Amino acid sequence: MAARRGALIALEGVDRAGKSTQGRRLVQGLRAAGHKADLIRFPDRTTEIGQLISSYLVREKDLEDHTVHLLFSANRWEHVPLMKEKLHQGITIVVDRYAFSGVAFTNAKGNFCLDWCKQPDVGLPKPDLILFLQLSPEEAAERGNYGHERYESSSFQEKVLQSFYCLMEDKTLNWKTVDASQSIEDLHREIKSIAEKTMEEVQNKPLEELWK
Ligand code: Z5A
Ligand code: MG
């Protein structure tokens, strides 16, 4: 019998919903429960491509919109060989943002249709679970002001949210919305329980390809 594989779990959601907090907490919680788990944060600003993306986000560099979209996607593809290796070794991978952020942010710019935005990410490892951390703009505002990075404005974030809602209509993907206004610990417990159920369900199933 083939070895059991790990699950690919994506965290998505609006700005300041707690994706990075919950990503770290989930990997910590899964490891404490005896599972093998790793975290990848996208964009991964540590690679050469990631450094270019970072200089764009902090407004040190201007990049053409198609170009930056393809760079975000390339930043995911450069992780794919290792992600696949780990998943097949039984390691669960939690990704803090994934292709859905890629599509939602570029689509929100207005002149890029969803279909074009999805193409560069077609064939990436398909997440077994996408957790959407839902938080109202009012509740997000209580977590501090927007920073100074590109995209950090309420009008743009509202467009991003609408693009996420379009992506969530795809029933071939396992989207689950969670209430991100709960305390960090309550939300963690809910997320960990959903994650463990998914890990159990997919361990003997083949890893699929996104949007294929
Ligand atoms: N982007 C893109 O355009 N294309 C792509 O393909 C990808 C990304 C992958 C940088 O992403 C930008 O890149 C982003 C999308 C775009 N632009 N924007 N906006 P990033 O992931 O590096 O962004 P970030 O800096 O991590 O922000 P974030 O993801 O929006 O935040 P978060 O991870 O959701 O939240 P957090 O850092 O965990 O928490 C925010 C604060 O709230 C912090 O003070 C926490 O302590 C607090 N917090 C968290 N949870 C709670 C609860 N439950 N209660 C109270 N307070 C809480
Ligand atoms: Mg984050």
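These figures come from a predicted structure and were not determined experimentally. Start at 1 and go down the list; that is how both ligands and their atoms are numbered.
- Nearest heavy-atom pair, S73 versus P120, reported as atom, atom and distance to 0.1 Å: OG-O, 3.3 Å.
- Looking only at protein heavy atoms, the nearest one to atom 17 (N) of ligand 1 is F105 CE2, 3.5 Å.
- The shortest N/O to N/O separation between A17 and ligand 1 falls below 3.5 Å.
- Look at G13 and you'll find every heavy atom at least 4.0 Å from all atoms of ligand 1.
- The shortest N or O to N or O distance between Q157 and ligand 1 is below 3.5 Å.
- Under the 6.0 Å distance and 45° angle rule, R150 does not count as a cation-pi partner of F156.
- Annotation: side chain of M168 is not in contact with side chain of F100 (no heavy-atom distance under 4.5 Å).
- No side-chain donor from either of T198 and D128 sits under 3.5 Å from a side-chain acceptor of the other.
- For E149, no nitrogen or oxygen atom sits less than 3.5 Å from a nitrogen or oxygen atom of ligand 1, counting backbone and side chain alike.
- Contact atoms of ligand 1 toward R41: 22 (O), 24 (P), 25 (O), 26 (O) (distance under 4.0 Å to a heavy atom of the residue).
- The environment of E64 atom CD is dense: over 12 non-hydrogen atoms of other residues, nucleotides or ligands sit within 6.0 angstrom.
- Residue-environment remark: NZ (K159) stays at or below the threshold of 12 foreign heavy atoms within 6.0 Å.
- If you check which protein heavy atom lies closest to atom 5 (C) of ligand 1, you get F72 CD2, 3.1 Å.
- Protein heavy atom nearest atom 37 (O) of ligand 1, with residue, atom name and distance: S20 CB, 4.0 Å.
- R16 and R143 make their closest contact through O-NH1, 3.0 Å (heavy atoms, listed as atom of the first residue, atom of the second, distance).
- When only non-hydrogen protein atoms are considered, atom 46 (O) of ligand 1 lies nearest to T21 OG1, 4.5 Å.
- The presence of a protein heavy atom under 4.0 Å from atom 19 (N) of ligand 1 is confirmed.
- When L124, I49, L210 are each tested for a side chain to side chain contact (heavy atoms under 4.5 Å, CB included) with R76, only one passes: L124.
- The nearest protein atom to atom 31 (O) of ligand 1, hydrogens excluded, is given as R16 N, 3.5 Å; this is a heavy-atom distance.
- Look at S20 and the Mg ion (ligand 2): an N/O/S atom of the residue is under 2.8 Å from the metal.
- Between F112 and H66, the angle of the ring planes goes over 60°, which puts this pair in the perpendicular group of the 30/60° scheme.
- Put simply, no part of L187 is less than 4.0 Å from ligand 1, judged by heavy atoms.
- L167 and W175 make their closest contact through O-NE1, 3.4 Å (heavy atoms, listed as atom of the first residue, atom of the second, distance).
- Ranking the protein heavy atoms by distance from atom 35 (O) of ligand 1 puts G18 N, 3.2 Å first.
- Considering only non-hydrogen protein atoms, atom 54 (N) of ligand 1 sits nearest to R143 NH2, 3.2 Å.
- The S183 neighbourhood of ligand 1 comprises atoms 53 (N), with distances under 4.0 Å to a heavy atom of that residue.
- For R97, a nitrogen or oxygen atom sits less than 3.5 Å from a nitrogen or oxygen atom of ligand 1, counting backbone and side chain alike.
- Close approach of ligand 1 to D15 (heavy-atom distance below 4.0 Å) involves ligand atoms 19 (N), 27 (O), 28 (P), 30 (O).
- Taking a 4.0 Å cut-off on heavy atoms, Q182 registers as neighbouring ligand 1.
- If you number the atoms of ligand 1 from 1 as listed, the ones under 4.0 Å from a heavy atom of R76 come out as 5 (C), 6 (O), 9 (C).
- Atom CG of N111 sits in a crowded spot, with more than 12 heavy atoms from other residues, nucleotides or ligands closer than 6.0 Å.
- The aromatic rings of F42 and H79 sit perpendicular, their planes meeting at an angle over 60°, well past the 30° parallel limit.
- There is a protein heavy atom less than 4.0 angstrom from atom 8 (C) of ligand 1.
- The L57 neighbourhood of ligand 1 comprises atoms 10 (C), 12 (C), 13 (O), with distances under 4.0 Å to a heavy atom of that residue.
- A donor-acceptor pair shorter than 3.5 Å can be found between the side chains of R25 and Q28.
- Considering backbone and side-chain N/O atoms, R45 comes within less than 3.5 Å of an N/O atom of ligand 1.
- When heavy-atom distances to ligand 1 are checked against a 4.0 Å cut-off, K19 comes that close through both its backbone and its side chain.
- Closest approach of I53 to P43, counting heavy atoms only: CG2-CB, 4.0 Å.
- Remark: distances from the non-hydrogen atoms of E142 to ligand 1 are all 4.0 Å or more.
- Side-chain N/O atoms of K176 and N174 include a donor and acceptor closer than 3.5 Å.
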